[in-house]
Amino acid sequence: MDTRPGAIIKRNNKFSGVPVIMLSSKDGLFDKARGRMVGSEAYLTKPFTKDQLLQAVEQHRRVT
């Protein structure tokens with residue numbers, strides 16, 4: 001069982017549709033791939049700009 005936060009969120013029926021944007025200091029190819037494997041929609045590495053964060057949020061924001 002994967003206990004990483006992104007995987008836990010995606011496995012929960014109540015929250016499985018919530019977009020996950022991972023923020024990390026790790027920028028390796030394997031780290032980014034792991035983020036995608038647990039279901040994150042975006043993966044930003046530190047330091048990131050305000051514009052990068054807002055762009056990632058805007059891409060996955062749903063209007064209800």
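In this chain, residues are counted from 1 in sequence order.
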If we only count heavy atoms from C-beta on, is the [X] to [Y] side-chain gap below 4.5 Å?
X	Y	result
L23	L53	yes
M22	V38	yes
Q55	E58	no

Could you tell me whether the side chain of [X] and the main chain of [Y] form a donor-acceptor pair under 3.5 Å?
X	Y	value
E41	V20	yes
R11	S16	no
S40	Y43	no

Query raised in the report: Closest heavy-atom contact between H60 and A42?
Result: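 Residues H60 and A42, closest heavy atoms: NE2-CB, 4.2 Å.
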
Report task. With sequence neighbours excluded, tell me which residues meet side-chain hydrogen bond (donor to acceptor under 3.5 Å, both in side chains) with Q59. Result ->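 Result, side-chain hydrogen bond (donor to acceptor under 3.5 Å, both in side chains) vs Q59: none returned.
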
**Report entry** OG on S24 to CG on L44, rounded to 0.5 Å
**Finding:**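 L44 atom CG to S24 atom OG measures 10.0 Å (nearest 0.5 Å).
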
Query - Spatial distance of atom CZ (R61) from atom CG (L54) [nearest 0.5 Å] - result: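 Taking CZ in R61 and CG in L54, the distance rounds to 11.0 Å.
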
**Report entry** Step-by-step side-chain contact (heavy atoms from CB on, under 4.5 Å) determination, D27 to K46
**Finding:** CA-CA 8 Å; D27 65 349; K46 298 176 188 176; over 6 Å; no

